[in-house]
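Just so it is clear: chains get the letters A, B, ... in the order the sequence lines come, proteins before strands, and each one is counted from 1. Model, not experiment: these values are computed from the prediction.
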Amino acid sequence: MDPILDGLNEKQREAVLAADGSVLVLAGAGSGKTRVITHRFAYLIREKNLKMENILAVTFTNKAAGEMKERIARLTGESTSRAWVRTFHATGLMIIRRNPETIGYPHNFVIYDADDSKDIAGSIMHDLKINTTVYKTGPIMHAIFRAKDNMITPGEYEKDAATEIEKVTASVYREYENRLRENFALDFNDLLLMPIRIFRDNPRLLEYYQDLWRYMMIDEFQDTNIAQFQFMKLVVSRDRHICVVGDDDQSIYGWRGANIENIYKFKRDYSPAVVPLEQNYRSTQLILDAANNVVNKIPGRMEKRLWTSRSGGEKIGLIETMRETDEARVIAETVRELSAKYKNSEIAIFYRTNSQSRVLEEAMLRANIPYRIFGGQKFYERKEIKDVVAYIRLIINPFDRQAFERIVNIPARGVGNVGRQKMIAYAKESGISYVESLMKSGEVSGIQRESVRKLNDLGQVLFELNQSLEQITPTNFVKILIDSIEYKKYIREFDETGPDRWENVEELVNSVKEFEESGDTSEKKTIVDFINSITLHADIDDLKEEEERETVSLMTIHNAKGLEFPVVFISGVNDGLIPHSNSRHSPEQMEEERRLFYVAVTRAKDKLYMSFSGSRLVYGDLIPTKPSVFLLDIPSELYDEIRTHSTYEPQRRTPGKGVGKFTNPPAAPKEEPAYTYEGKVGGAEKGSSVSGMDELKPGDRVRHPNLGAGTVKSVSAKLMQIEFDNWGLRAMGGNFLSSLRKIEAK
DNA sequence: CGACCAGGAAACGGC
DNA sequence: TTCCTGGTCG
């Protein structure tokens, strides 16, 4: 009896036994890759006589890391507290924290999240007098992040900048890097870039880590970026004991700088032993068939064919409605019906964009179904939380300009934009920290006497808290801070949301306490540790295996990566959402959309529902929409009876708001389907009418009054795909039939 | 300075 | 629909 090797299938065992050298595990969805990684980890410990810290295992989320550690502990019977099982970012942070002097940073550096970075960009653009109505901080930061993902320096970026926007971005990028350094701050990318620099500049340190990490494993390799590849390359350059696990079909983070090429490049450059895992332990065969049909349209992918011993399976439930509100309600009703068979926690509802969650949320509320939303407005992005966190940051690092700017007038101390800039200039000229500048605000011209008093007091408070950073427990630290700045009074009276906001602050204090008492309590934790932990925190990390409250999970498809649920609803399976309209003009992005849909489908274990709506509210306008083209790639026999719900009593609306109006009113249902098409191609309507889908087969020529002539490409029970001569491929539902005519072939 | 309002832009996904 | 910015006024 060998707990490490028994119970693995042949391929899984092969991956585990391939201990030395380079290994590429092509792990299809649900093929037990976590199992492979954890068992391989345990196997290496045992067979290679390694200690926990001798293997570096990189995961995609903190949640995955936690689960793996737990399973490794169970397998080996040893504590994993010293094991390096972490995300790339957390690994990088660890290296920097141990050696901050090598990059000229003090030990109390801070980490900025994407929001902070955007704030800095705004501040820089103000300083550089860049017109912020023409150039937006969002796209500029996006470009800078992509540059950093690809390890392009400001200098290189500037050199290649051709267009005006690129030149502007180059100047912001340069200043952005300066600003980070001035603030002793690092952004997410730096958590990878700095370790790379540290390793390159300090061969001894690299050697130290190569001695430490004799073996390396990387999960979700298809979603790594160039910097991460570089990091790996350095770490394994000596012994080349590297095992990467990935699935090119599940690469969905190209927009975040992930480079699907990495997995192909690894195969080329490292000549690894390739182990494909194709047996799926999650879904029914029917769900896999649907998934395979979606993804096998992508050219150049590594050919895989998922299979399972769970033959058959329930068909895919299709839900079609006229309105999003109906769609959400039918989903809620279906969830209710399912409660006889499934717990709420076994059910998930996915959507493409966060904005779709609101309607779903309202439907769940109305149906009295407990739910939990992941993502969206995140806890740590709330104003009240960011305020308190900014205070803590400024105390930790009194040179943090971003934090100072945020809190100097919260609560109001009579310092506006002008006074704020003066204080920053004063601090910079005198070479003192912002906390010191508070205490000397009397010397800054133009600050009101009353303000000076308040700022002096504030400086005193922050200074004293800084002195006691290491002494006070994190919980007491936060409590004292909130007390001394009278934040409760301020936030409760902020506006009508004040009381809720105060509750969030209390929640923050609770999570500090939880942090303090979690994990290894023998190690003394400080508030600095807490701040670092929340910066790398992902919403999905909070999803517990046994959520005490029995809640349905609502999340984006991106958030669903790596998860599984017995019942999955994919909502908003509409053209423009999935595939998203912003991807329409890029073949690469369209492929990523397809993979995203594939990821959604493969999350389901037993039962899958897909829903789409004939119209959607976009910025308050009711817009007619078509079903997603992806639906047509799934053979019709895999779909269950379609559930159409189009006539419902009008929703009660808040007075004065009115009911949404079609901006392009659809014609009467008889002539026009719920899905209307732009375009006006005339043409006589000759030919024979079509009354049922079964009258059409691929190759048939048809004519539509608006779209003209076209060729039928595929027909399923509910949907058909027609290639129009002038308008290209279109997907349409059954209610199109009445307007179609069968015509003679050309 | 800061409260308030109007007008315009916007939200694809997130460590 | 919601969010943000820029302008005005007390």
Side-chain angles (χ1 to χ4, degrees), chain A residues 58-65 86-93 111-115 117-118 122 126 131-134 136-139 141-142 145 148-149 187-192 220 223-225 227-228 251-258 324 350-359 374-378 380-381 383 409-420 446-448 450-451 494-495 534-541 555-561 572 576-584 589 592-593 595-596 599-600 616-622 653-654 657-658 660:
Chain A
V58 184
T59 60
F60 194 71
T61 62
N62 296 309
K63 175 175 182 283
R86 292 183 158 82
T87 63
F88 263 113
H89 292 94
T91 306
L93 173 60
I111 303 161
Y112 283 174
D113 64 20
D115 265 358
S117 299
K118 226 171 115 182
H126 177 82
N131 186 343
T132 48
T133 50
V134 179
K136 298 278 169 208
T137 57
M141 268 331 293
H142 184 84
F145 284 146
K148 295 185 82 166
D149 285 331
D187 67 12
F188 278 137
N189 287 297
D190 290 333
L191 298 182
L192 296 162
E220 305 280 12
D223 281 321
T224 53
N225 63 27
Q228 287 162 341
S251 165
I252 56 173
Y253 279 97
W255 54 275
R256 209 173 70 186
E324 279 170 293
F350 300 158
Y351 36 84
R352 175 63 227 273
T353 66
N354 280 124
S355 61
Q356 291 166 253
S357 66
R358 211 183 99 235
V359 176
F374 296 86
Q377 161 75 292
K378 290 177 201 59
Y380 290 103
E381 286 169 12
K383 175 210 153 40
N409 202 37
I410 292 178
R413 300 186 180 95
V415 183
N417 213 6
V418 177
R420 182 180 308 169
I447 307 269
Q448 302 288 316
E450 183 61 8
S451 297
F494 185 70
D495 63 9
I534 62 169
T535 313
L536 296 180
H537 174 277
D539 226 43
I540 204 69
D541 295 337
M555 63 182 78
T556 63
I557 305 175
H558 282 93
N559 255 155
K561 172 159 133 158
L577 279 176
I578 180 146
H580 196 272
S581 47
N582 291 358
S583 303
R584 191 164 289 163
Q589 286 182 48
E592 186 158 308
E593 294 294 302
R595 291 193 293 266
L596 188 59
V599 167
R616 311 208 78 90
L617 275 176
V618 181
Y619 304 142
D621 283 335
L622 200 57
R653 292 281 172 140
T654 37
K657 288 283 160 71

Q) Hey, is A:Tyr253 doing a stacking thing with B:dG13, by the 5.5 Å centroid and 30° angle criteria? A) no

Q) Taking the side chain of A:Thr87 as its heavy atoms from C-beta onward, which of B:dA11, B:dG14, B:dC15 lies nearest to it? A) B:dC15

Q.
Heavy-atom nearest nucleotide on DNA chain B for A:Phe145 versus A:Lys136: which residue maps closer to 5'?
A. A:Lys136

Q: Quick one: label A:Val415 by what it contacts on the DNA or RNA (base, sugar-phosphate, nothing), any heavy atom closer than 4.0 Å.
A: sugar-phosphate

(Q) How many whole angstroms separate atom CD of A:Glu381 from atom P of B:dG13? (A) 11 Å

(Q) Between P on B:dA3 and CD1 on A:Ile410, what's the gap in Å once rounded to a whole number? (A) 11 Å

Q: Would you check, one step at a time, whether the test side-chain contact (heavy atoms from CB on, under 4.5 Å) holds for A:Thr87 with A:Val58?
A: CA-CA 5 Å; A:Thr87 63; A:Val58 184; 5.6 Å; no

Q) In whole Å, what separates the C1' atom of C:dT5 from that of B:dC12? A) 23 Å

Q. C:dC3 C1' sits how many Å from A:Asn354 CG, rounded?
A. 15 Å

Q: For atom CD of A:Gln589, decide whether the heavy atoms of other residues, nucleotides or ligands shown that lie under 6.0 angstrom number more than 12.
A: yes

Q) Would A:Trp255 pass as stacked on B:dG13, i.e. its ring centre under 5.5 Å from the base's six-membered ring centre and planes under 30° apart? A) yes

Q) Nearest to the side chain of A:Asn582 - B:dC1, B:dC12, B:dC15? A) B:dC12

Q.
Under 6.0 Å between ring centres: does that hold for A:Tyr253 and A:Phe60?
A. yes

Q. A:His89 has a side chain; which of C:dT1, B:dC15, B:dG14 sits nearest to it?
A. B:dC15

Q. Are the charged groups of A:Glu450 and A:Arg413 less than 4.0 angstrom apart, N to O?
A. no

Q: To the nearest Å, give me how far apart CD (A:Gln356) and C1' (B:dG13) are.
A: 11 Å

Q. Using a cut-off of less than 4.0 Å, is there contact between a side-chain N or O of A:Asn225 and OP1 or OP2 of B:dC15?
A. no

Q | A:Glu593 vs A:Asn409, nearer the 5' end of DNA chain B by closest nucleotide | A | A:Asn409

Q: Quickly work out the A:Arg584 CZ to B:dC12 C1' distance and round it to whole Å.
A: 13 Å

Q. Whole Å only: how far is the OH atom of A:Tyr351 from the C1' atom of B:dC12?
A. 13 Å

Q: Measure from the side chain of A:Ala412, starting at C-beta and using heavy atoms only, and say which of B:dG2, B:dG14, C:dT1 lies closest.
A: B:dG2

Q) Do the ring centers of A:Trp255 and A:His558 come within less than 6.0 Å of each other? A) yes

Q: Compare side-chain N and O positions of A:Thr61 against OP1 and OP2 of B:dC15 and report whether any pair is under 4.0 Å apart.
A: no

Q: For the side chain of A:Arg352, starting at C-beta, report the closest nucleotide among C:dT1, B:dC12, B:dC15.
A: B:dC12

Q.
Please determine whether a side-chain nitrogen of the Lys or Arg among A:Lys148 and A:Asp190 lies less than 4.0 Å from a carboxylate oxygen of the Asp or Glu.
A. yes

Q. Do any side-chain nitrogens or oxygens of A:Asn62 fall under 4.0 Å of OP1 or OP2 in B:dC15?
A. no

(Q) Measure OH/A:Tyr619 against P/C:dC4 and give the value in whole Å, please. (A) 14 Å

Q. With respect to the side chain of A:Val418, which nucleotide from B:dA10, B:dG13, B:dC1 is positioned closest?
A. B:dC1

**Q.** Interatomic distance, A:Leu577 CG vs B:dA11 C1' [rounded to whole Å]
**A.** 11 Å

Q) A:Arg358 has a side chain; which of B:dC12, B:dG13, C:dT2 sits nearest to it? A) C:dT2

